[in-house]
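Shown next, in structure tokens, is the structure this report addresses.
Sequence positions, counted from 1, serve as the residue numbers for this chain.
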Amino acid sequence: MSDSPDFQDESRTATSDVGRRAFVKGLGATAALGLAGGSLADDLLQMDGLEVVDDPIGSYPYREWEDLYREEWDWDSTARSTHSVNCTGSCSWEVFVRNGQVWREEQAGDYPQFDESLPDPNPRGCQKGACYSDYVNADHRILHPLRRTGERGEGRWERISWDEALTEIAEEVIDTVTDGEYDAISGFTPIPAMSPVSFASGSRLVNLLGGVSHSFYDWYSDLPPGQPITWGTQTDNAESADWYNADYIIAWGSNVNVTRIPDAKFFLEAAYNGTKRVGVFTDYSQTAIHCDEWIGPEPGTDTALALGMARTIVEEGLYDEAHLKEQTDMPLLVREDTGKFLRADEVGLASDADRPEYVFVMADQSGELRAAPGSLGERDGQHDHTKSIELDFDPALEETGTVTVDGEDVAVTTVWNRLREELSTYTAEHVQEVTGVGAETHQEIAREFAGVERAKIIHGKGVNDWYHNDLGNRAIQLLVTLTGNLGRQGTGLDHYVGQEKIWTFNGWKTLSFPTGSVRGVPTTLWTYFHGGILENTDPDTAERIRESIDRGWMPVYPEEREDGSRPDPRVMFVWRGNYFNQAKGNVAVEEELWPKLDLVVDINFRMDSTALYSDIVLPTASHYEKHDLSMTDMHTYVHPFTPAVEPMGESKTDWQIFRELAAKIQELARERGIDPIPDRSFDREIDLQSVHEDYVRDWATGDDGALAEDRAAAEYILEHSEETNPADSEEQITFEDIDEQPRRFATAGDHWTSDVEEGEAYAPWKDYVQDKNPWPTFTGRQQYYVDHDWFLELGEELPTHKDGPVLQEKEEYPLGYNTPHSRWAIHSTWRENTKMLRLQRGEPTVFMNPEDAAERGIEDGDTVRVYNDLADVEVQAKVYPSGEPGTVRHFFSWEKFQYPDRDNFNSLVPMYMKPTQLVQYPEDTGEHLHFFPNYWGPTGVNSDVRVEVEPVAEGDGGDAAESTSSEDDAGDDAPGAGGGGG
């Protein structure tokens, strides 16, 4: 890949040469004068064109030689765009074009400021975005459709025409649909907020075909499962500007200086506002060095640390009692015999409720039983703002006693009492023993956190990577709940991992899934099931997985047929992502799942790991060559992609590719006379003869052909979303508006928990804390007690610390294995970029504590083998004094072809499945916990892995990865090794 592409045309080169020759000639003459004995500075002023300019603004003479510098920074046009990568940045950039090629990019500085008391939102960007033009013009840019000619992953390709590619794909799709196996067609693409039109392009076609859309937020282990468990919401965060409003911030496993570069200024500048910042990181990270205090717990012990802090808050009476009584399940009564909540129908309360068995019970200060307002049994479904949780009595937190149920006395107690009993285990000494954090240290941090007016936790993926991530989430959330730090500016628990939440929800949803009938699947479970891992897991977990599937709590596609058979998946489309590179358990994926697929199609602008293991690769437009939208929950603005240049080679936009594939399917279906096929699950027919007409039709207005182009799709999203076209206002944010300048959203849709307020940074949970609406949980409150049978059987009805499963014994594999996110990449995007590689070691590297390295005879820069019972990888060792002994860090997302044997960082990681993340709750209706893509489902897990490391003797290394270039007539157009759009 060229770092400095030559974009000069002949006329410009000639002009520049003249200017350069004149300048050099003059300088040479001046140097000669200097050698004759005069002052060089004085002599330079004698050179023609170097006279002193006294007033450069008012009067500036033309000096020909300066054109050399002017033309070096000249451009023909600019365009506003951004980078469609899986990060939370959503940064607006100005893209400069000269001679028809992207020349450079710079951060746009025109975000409108909504609160002058906060740091300026401008500019946004990072060093990765600043070199995106390398990808636009890269040598390994995919410019033509490619068909695999060798084995998958071998890197042998032939160039084919668009018609050949689309025909081959269309024929496979038609055969699959007419065989009744339309649910064997999968579409995987991550995070809609980063480019919702591009997300919708493939999702729309997959939906029309009756295929399956895959989740991504849980698969990446980004989803914090504790949030839907406790708060009934996927995630809702304050925008990063709100960090500045906090009096106290704990960055807990969120390395904001590395993974939140455009937003780190709010964290850093909060110090000028008097904010105390505490970092909780196992290593002395790049964020820890900027904190006032750093706590370094043992890896995987965050839950115990949080519960120890919670014990201090409870034991010393530092909690917000009013908040606990009104907003949480702490006053609710629990039966001692079954562990279940006491229900109103058991004690003759709430007889006017539609479902008194779903109404919960409190006791007031006199011991009288009261129905808890806002329970699910009196609400119309999960989200019902016609009810209130506001109390007209004072509930007792510490109530115990007996009640009569079916003529028998039953002992009951409150959730608060059960919680205090659980917390009693976490003495200061016990917490120190488990976590390694000093007894006085964690208690003092807890006291400080509880003592300020506005405290906030920035919660990161570092907690989510563990098997018991749901327990960790719930324990850390408990700290903000106990102290009442929710629903106000400068408070809350902000979890930013990926642009998980899209603002323009309704427009995106109806564009992506026009039929309204969606087959969604949790990708972790789908991969686990079809990767053959279920047959190799422990019996208890396997039984619970099967029960969840059989009871319909979690879907797996293709679904089981009436005769008990289940087809294998057949066709997989991947776009905007790098599924194969990010796969936990990727050894099983490669050996078991991938052979089941008849056709893998990757839509990409470069050869990443998924493309390398695909059958057909279609060249898509880069981020600077299309229309789309960009947004994030890190800020409250929307801005666009606009094409700075035409798509290179034969590449097309994602929308155009899937639209043309729909046209080819329709053409061939009409030639074959294929009748509509009834959908076995939904009241609809899959009509392949009209699939293209359906694709480009505006289903909201019925206008035929209205959505043929990308920009029209973007405008559809803006027009059909509350955030950009509020129902109670005539002011609409248009595409033209955001091309001129990023615009702040006018309001927030129903999937947000607060509104966008003028002059205030967005802060969540006001709907519940301030407006007293029921939380979307079973109890209508922040719910820390879960009385689902599986939670009770596993002892997880309350947050509790548990050690992770043991898959590799410590005696054999003594080092913990961790795969944090890197500063120099966004997942696998930029992982092979030359500029980024020059800022690090330039190859896959493991970070080792000096003690661990010395014990193994390893020096900095040595080639080492990292291995366990799953795989081994050969990498370079870096001695890392900031890391704790006993842990190896292998930063995330190096591509498979960057390793000698094509295994990678994830080859050492097995795939886990935690049963508590497979449940439906309530079990019969699922109105609190139910599978919904990216809201609730089993998460992928990257930690709880052990390895050993040994030096590789000189000459013992593996062979270099084979070239990915084609031997089959692709010629100069064949792609080289490239990064992934993870």
Subject >> Within 6.0 angstrom of Glu421 CD, more than 12 heavy atoms from elsewhere >> reply: no
**OP:** Anything under 30° is parallel, anything over 60° is perpendicular, the rest tilted; go ahead and classify His459 against His495.
**Re:** tilted
Original post:
Under the salt bridge (Lys or Arg N to Asp or Glu O under 4.0 Å) rule, what pairs show up with a residue in residues 767-781, not counting sequence neighbours?
Top reply: Glu326-Lys772
Subject >> Pairs flagged by salt bridge (Lys or Arg N to Asp or Glu O under 4.0 Å) wherever residues 382-396 is involved - sequence neighbours left out >> reply: Lys325-Asp394
Original post:
Taking only residues two or more places apart in sequence, or in another chain, which ones meet Trp752 in a side-chain contact (heavy atoms from CB on, under 4.5 Å)?
Top reply: Asp236, Lys501, Trp503, Asp633, Glu723, Ala748, Tyr762
Subject >> Sequence neighbours excluded, every pair satisfying salt bridge (Lys or Arg N to Asp or Glu O under 4.0 Å) that has a member inside residues 756-765 >> reply: Glu757-Lys766
Original post:
Charged N to carboxylate O below 4.0 Å: is that the case for Asp364 and Arg370?
Top reply: yes
Can you list, pair by pair, the side-chain donor-acceptor contacts under 3.5 Å of residues 818-825, counting residues two or more places apart and other chains?
residue : atom : partner : partner atom : Å
Ser822  : OG   : Trp824  : N            : 2.9
Arg823  : NH1  : Asn257  : O            : 2.8

**OP:** Can you sort out the partners of Asp465 under salt bridge (Lys or Arg N to Asp or Glu O under 4.0 Å), two or more places apart, ordered by chain and number?
**Re:** Lys461
Original post:
Looking only at heavy atoms, which two atoms of Tyr921 and Gln783 are closest? And how far apart?
Top reply: OH-NE2, 3.0 Å
Original post:
Looking at Ile445, Ile295, Ile458, which one forms a side-chain contact (heavy atoms from CB on, under 4.5 Å) with Ile250?
Top reply: Ile445
**OP:** Look at the aromatic rings of Tyr637 and Phe114 and report parallel, tilted or perpendicular, splitting at 30° and 60°.
**Re:** tilted
